[in-house]
Amino acid sequence: MEYIYKTKGTCSTQIKLDIEDDVVTNVSFTGGCNGNLKAIPALVNGLTVDEIEKKLSGITCGFKQTSCGDQLAKACRAAYEAQKSAAAD
């Protein structure tokens with residue numbers, strides 16, 4: 001399932017990802033720091049939602065209360081919950 005998440009509090013504005021069961025692939029960011037937003041998807045490709053949350057939840061960026069990594073963790077959880085809801089319908 002493809003999922004699009006609108007980020008909050010980061011330079012990136014959107015995260016697009018694919019999720020099947022709880023495995024995340026094909027992560028891409030719109031906006032943000034070019035190098036980081038190429039590296040993060042490469043590092044998390046094929047990981048589960050729980051693994052991504054453990055690695056990235058709570059990371060901040062400078063003075064911000066969140067980061068692109070933290071937003072990705074939130075996006076993955078939201079995608080997982082949306083996928084479960086769709087399956088239940």
Side-chain contact, heavy-atom cut-off 4.5 Å: Lys8 with Thr66?
-> no

With rounding to the nearest 0.5 Å, note down the distance linking SG in Cys68 to CD1 in Ile15.
-> 7.0 Å

Can you measure from CG (Leu43) to NZ (Lys55) and round to the nearest 0.5 angstrom?
-> 8.5 Å

Short question: side chain of Gln65, backbone of Thr60 - any donor-acceptor pair under 3.5 Å?
-> no

CD of Glu2 to OG1 of Thr25: how many Å apart, nearest 0.5 Å?
-> 10.0 Å

Nearest-0.5 Å distance, SG of residue Cys76 to NZ of residue Lys74 = 11.5 Å

Hey, any chance Ile59 and Tyr5 share a hydrophobic cluster, counting ILVMFWY side chains that come within less than 4.5 Å of each other, even indirectly?
-> yes

Run the salt-bridge test on Asp50 and Arg77 with the 4.0 Å N-O cut-off and return the result as yes or no.
-> yes

Drop me the distance from Thr30's OG1 to Lys16's NZ, to the nearest 0.5 angstrom.
-> 7.5 Å

Pairwise side-chain contact, Lys64 with Cys11, heavy-atom cut-off 4.5 Å (strictly under) = yes

Residues Glu51, Lys54: salt bridge by 4.0 Å N-O rule = no

side-chain contact (heavy atoms from CB on, under 4.5 Å) with Ser12: of Leu72, Ile40, Leu37, only one passes, and it is Leu37

Side chain of Asp18, backbone of Val24: donor and acceptor closer than 3.5 Å?
-> no

Is there side-chain contact between Leu56 and Asp70, with heavy atoms separated by less than 4.5 Å?
-> no

Would you say Ile19 and Val49 make side-chain contact, with heavy atoms under 4.5 Å?
-> yes

Establish whether Ile52 and Met1 are linked, either directly or via other cluster members, by ILVMFWY side-chain heavy-atom contacts under 4.5 Å.
-> yes

Value for CD (Glu53) from OG1 (Thr48), rounded to nearest 0.5 Å, stands at 8.5 Å

